[in-house]
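Side chains are part of it too, since the values below use all heavy atoms of this structure and drop only hydrogens, waters and symmetry mates. Naming convention: chains lettered A, B, ... in sequence-line order (proteins, then strands); numbering from 1 in each chain.
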2 protein chains.
Amino acid sequence: MERWEEALAQAGYRVTVPRRVVAAVLSEADTPCSAQVVFELGKIRYAGLGLVTVYRTLALYESLGLISRVHVHDGCHGYLATTPGHRHALICTRCGRSVEFLGQGDLDLLIARLEKRTGYRVQEHLLQLFGLCSGCRGTDE
Amino acid sequence: MERWEEALAQAGYRVTVPRRVVAAVLSEADTPCSAQVVFELGKIRYAGLGLVTVYRTLALYESLGLISRVHVHDGCHGYLATTPGHRHALICTRCGRSVEFLGQGDLDLLIARLEKRTGYRVQEHLLQLFGLCSGCRGTDE
DNA sequence: CCCATATTGAAAACTACTATCAAAAACAAC
DNA sequence: GTTGTTTTTGATAGTAGTTTTCAATATGGG
Ligand SMILES: [Mn+2]
Ligand SMILES: [Mn+2]
Ligand SMILES: [Zn+2]
Ligand SMILES: [Zn+2]
């Protein structure tokens, strides 16, 4: 809850009620949220919130590196708070609950081989894992 | 061009002109295509093609595992023909040209560690690499 | 060749997202 | 605290992407 305000201020942006609300929603969610969902959860905290502002704020936070847009199986995509450092998401396909994990050098070998073979130079990667959390696998096993 | 028709027939679907056109477009593209793009390229081959049919056909091919929906940085997502086996894409962020590569056991270690730590059971993963192809890096280096 | 059925495309409906603009809020200077 | 400049906001309207509906058409088996 502090990170967000600091990042805004340091980048010269104003700290406003809607921006605080969006930050609160995202930092408490453990599942990627669409803009619509952020809007609905946000209105609970601040009834005056506007959908347009949610879109703007999501774009802003993404540009500041505070959240990342992740691929979602059905819909188009969702937003997830990024804890500092290089991280990836493991998402439960049933309940949507997701955990992040550090991805430091996780793919270095793969990438090195690939660059040699293809002539490409790899700059970024997107890695998302999908599966079932222990809760959703039921009580069996 | 044969794979597609066989897969349709074997699953009990009819082989139609629009379906052949969409297959042709996708199997010749070396870049993820949005529905709109498939539609435009498809109309060159068959003027009567309808956009709605493109959407339906993309969904059908995805359900048959012939194409996969990949995350695209700006837009929402694009469709890419999947060659049999487990593959990932390396996409040039400048020209969009992409190469596929086999991803057999590439993440096994990572996944094993992660399952132990989180209690999740990983079923699928999405891995996409982004960078510059040799052409787009210019003549230097 | 014919027929039952799957499939198609136009139009309309619906949803996601973006541009516009006057009113309101933030913050720095006093 | 008051003031004033500038950023930010939210309602409305507009655009783009996707789905539903339905009568007309094409397919593949008999
Ligand atoms: Mn997407
Ligand atoms: Mn990584
Ligand atoms: Zn779950
Ligand atoms: Zn390139």
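Nucleotide C/dC27 holds its C1' atom 14 Å from the CG atom of A/L8, rounded to whole Å. A straight line from CG of A/L60 to P of C/dA26 spans 16 Å, rounded to a whole angstrom. With rounding to whole Å, A/L58 atom CG is found 16 Å from D/dT8 atom C1'. One interatomic measurement links the two molecules: OH of A/Y13 to P of D/dT9, which rounds to 12 Å at whole-angstrom precision.
Both A/Y46 and A/I44 belong to a single network of hydrophobic side chains, linked directly or stepwise wherever heavy atoms of I, L, V, M, F, W or Y lie under 4.5 Å apart. Cluster annotation: A/F101 is connected to B/I111 through the hydrophobic network of ILVMFWY side chains, with a link wherever side-chain heavy atoms come within less than 4.5 Å.
Of all the heavy atoms in A/A24 and A/R45, the pair that sits closest is CB-NH1, 3.6 Å. Scanning all heavy atoms of the two residues, the minimum distance from B/P18 to B/T53 falls at CB-CG2, 3.7 Å. The two residues B/A7 and B/L66 make their nearest non-hydrogen contact at CB-CD1, 3.8 Å. Minimum interatomic distance between A/I91 and A/S98 (heavy atoms only, all atoms of both residues): CG1-CB, 3.7 Å. Across all their heavy atoms, B/R19 and B/Y61 have their closest contact at O-OH, 2.7 Å. Scanning all heavy atoms of the two residues, the minimum distance from A/S68 to A/T82 falls at OG-CG2, 3.1 Å.
Within the 3.5 Å criterion, the main-chain N or O of A/V122 finds a donor-acceptor partner in the side chain of A/E115.
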Practice task
Report the C-alpha separation of B/L26 and B/W4 in whole Å, then their side-chain angles, then the decisive distance to 0.1 Å, and conclude whether the side chain to side chain contact (heavy atoms under 4.5 Å, CB included) test is met.
Solution key: CA-CA 10 Å; B/L26 288 168; B/W4 306 82; 4.2 Å; yes

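One axis for each end of the helix from C/dC1-D/dG30 to C/dC30-D/dG1, each built from five base pairs, and the angle between them comes to 50° at 10° resolution.
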Shorter than 3.5 Å, N or O on both sides, protein versus nucleotides 11-19 of chain D: list them out with atom names.
residue : atom : partner : partner atom : Å
D/dT18  : OP2  : B/Y55   : OH           : 2.6
D/dT18  : O5'  : B/Y55   : OH           : 3.4

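Heavy-atom contacts from other residues, nucleotides or ligands closer than 6.0 Å to OH of A/Y13 number 12 or fewer.
B/F39 comes within 4.0 angstrom of nothing in the nucleic acid, heavy atoms only.
Heavy-atom distances under 4.0 Å link DNA chain C to B/T16, B/P18, B/R19 of residues 16-32 of chain B, given in residue order.
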